[in-house]
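In what follows, every heavy atom counts, from backbone to side chain, and hydrogens, waters and symmetry copies are set aside.
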Amino acid sequence: MSTAARSSLRGALTLLVFAVVCTALMSGTWLLTRDRVAANEAEVHVARLAEVLPGVRYDNDLLRDAAATPPQLAMALGQPHGATVYRAQREDVVQAVALEVTAPDGYAGPIRLLLGIGRDGRVLALRVVDHKETPGLGDYIDAAKSDWARQFAGASLGQPTEAAWAVQRDGGAFDAVAGATVTPRAVVKAVKRALQAVEAHHAWLFGKEQG
């Protein structure tokens with residue numbers, strides 16, 4: 001074997017050993033941390049769900065009792081590939097639900113929301129989970145940056161009236177920052193659609209009425 005061939009072979013073997021060692025290290029790290037990472041993700045998710053269920057008393061495990069919604073309900077929530085409902089139950093009676101909702105018509109793309117709705121059909125709280133709106137202009141919908149989302153608390157299909165389910169610039173009841181109305185319009189429409197969907201699927205979501 002020539003000197004050049006031996007050099008090439010040595011380089012290839014070095015790269016192979018390096019790749020095997022890196023792969024082993026990465027695999028080992030993943031195996032050692034996966035349970036902790038999963039636990040942390042679940043903890044964050046539960047905390048986020050609690051944010052949209054303020055004041056709701058429940059005694060069940062929200063994640064364990066999560067369920068896939070019927071396709072028609074998922075579509076109405078802007079989740080054509082499927083949606084999940086988290087039912088907050090007390091003594092086996094559903095007190096409220098948390099739903100993942102998507103507003104597809106944000107200024108810079110879909111806006112993902114988490115919406116808590118009580119058994120009486122009122123919004124408990126709204127949180128923006130993910131968006132790509134313009135920083136400093138459209139991102140005020142994020143509860144971490146402003147109180148804008150708090151105005152939905154207590155709203156229902158009857159309060160405000162159906163015609164008032166719009167931003168103030170369009171004659172509605174919901175505030176919006178001047179120059180950035182596309183974003184709040186999308187959120188208002190998504191919340192209204194979600195409330196209509198919950199009303200239509202109330203029996204499936206909440207079960208029998210309390211006696």
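Note on Val52: it does not cluster hydrophobically with Val128, by side-chain heavy-atom contacts below 4.5 Å among ILVMFWY residues. Side-chain heavy atoms closer than 4.5 Å link hydrophobic residues (I, L, V, M, F, W, Y) into clusters, and following such links, even through other members, never connects Val101 to Val56. Leu114 and Leu73 are members of different hydrophobic clusters when ILVMFWY side chains are connected at heavy-atom separations under 4.5 Å. By the rule that hydrophobic residues join a cluster once side-chain heavy atoms approach within less than 4.5 Å of another member, Val129 and Val46 end up as members of one cluster.
Contact annotation: the side chain of Thr183 never approaches that of Thr134 to less than 4.5 Å [non-hydrogen atoms, C-beta and beyond]. Considering only heavy atoms from C-beta on, Leu53 stays 4.5 Å or farther from Val97 through its side chain. A 4.5 Å side-chain heavy-atom check between Val123 and Val191 finds at least one atom pair inside the cut-off. Between Leu113 and Ile111 there is a side-chain heavy-atom pair separated by less than 4.5 Å. At a threshold of 4.5 Å between non-hydrogen side-chain atoms, the residues Leu63 and Leu49 count as touching. Between Leu157 and Gln196, some side-chain heavy-atom pair lies under the 4.5 Å cut-off. Looking at Leu126 and Val187, their side chains come closer than 4.5 Å, going by heavy atoms from C-beta outward.
Taking CG of Leu99 as the reference point, atom CG of Leu205 lies at 6.5 Å (rounded to 0.5 Å). Note that CD of Glu100 is 9.5 Å distant from CZ of Arg48, once rounded to the nearest 0.5 Å. Once rounded to the nearest 0.5 Å, the distance linking CG of Leu195 with CZ of Phe152 reads 9.5 Å. In this structure, CZ in Phe18 is found 15.0 Å from CG in Leu13, a value given to the nearest 0.5 Å. Taking CD of Gln95 as the start and CZ of Arg90 as the end, the distance is 7.5 Å to the nearest 0.5 Å.
Under a cut-off of 6.0 angstrom, the local environment of NZ in Lys192 is crowded, with over 12 non-hydrogen atoms contributed by other residues, nucleotides or ligands. Heavy-atom contacts from other residues, nucleotides or ligands closer than 6.0 Å to CD of Gln72 number 12 or fewer. For CG of Asp92, the number of neighbouring non-hydrogen atoms (other residues, nucleotides, ligands) closer than 6.0 Å is 12 at most.
At least one donor-acceptor pair under 3.5 Å links the side chain of Tyr140 to the backbone N or O of Val177. A distance-only check finds a donor-acceptor pair linking the side chain of Asp61 to the backbone of Arg64 [under 3.5 Å]. His131 places no side-chain N or O within donor-acceptor distance of the main-chain N or O of Gly109, the cut-off being under 3.5 Å. Ser156 places no side-chain N or O within donor-acceptor distance of the main-chain N or O of Arg122, the cut-off being under 3.5 Å. Counting only distance, with no hydrogens or angles, the side chain of Asp59 and the backbone of Glu91 share a donor-acceptor pair below 3.5 Å.
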Report task. Go through Val198 and Phe206 one step at a time and tell me if the side-chain contact (heavy atoms from CB on, under 4.5 Å) criterion holds. Result -> CA-CA 9 Å; Val198 167; Phe206 290 92; 4.0 Å; yes
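Scanning both residues, Gly78 and Thr102, for their nearest heavy atoms gives O-CB, 3.4 Å. For Asp65 against Gln89, the heavy-atom pair with the smallest separation is OD2-NE2, 3.9 Å. Residues Ala96 and Leu124 share a closest heavy-atom pair of CB-CD1, 3.6 Å. Taking all atoms of both residues into account, the shortest heavy-atom contact from Ala176 to Thr181 is CB-CG2, 4.3 Å. The two residues Arg119 and Val93 have their closest heavy-atom pair at NH1-CG1, 3.8 Å. The minimum heavy-atom distance linking Ala149 with Ile141 is given by the pair CB-O, 4.0 Å.
In this model, a donor atom of one side chain and an acceptor atom of the other lie less than 3.5 Å apart for His45 and Tyr86.
Aromatic rings of Trp165 and Phe174 (six-membered ring for Trp) have centroids within the 6.0 Å cut-off, being under it.
Relative to the six-membered ring of Trp204, Arg87 meets both conditions, a distance below 6.0 Å and an angle of at most 45° to the axis.
Using a 4.0 Å cut-off between a side-chain N of Lys or Arg and a carboxylate O of Asp or Glu, Lys145 and Asp139 qualify as a salt bridge.
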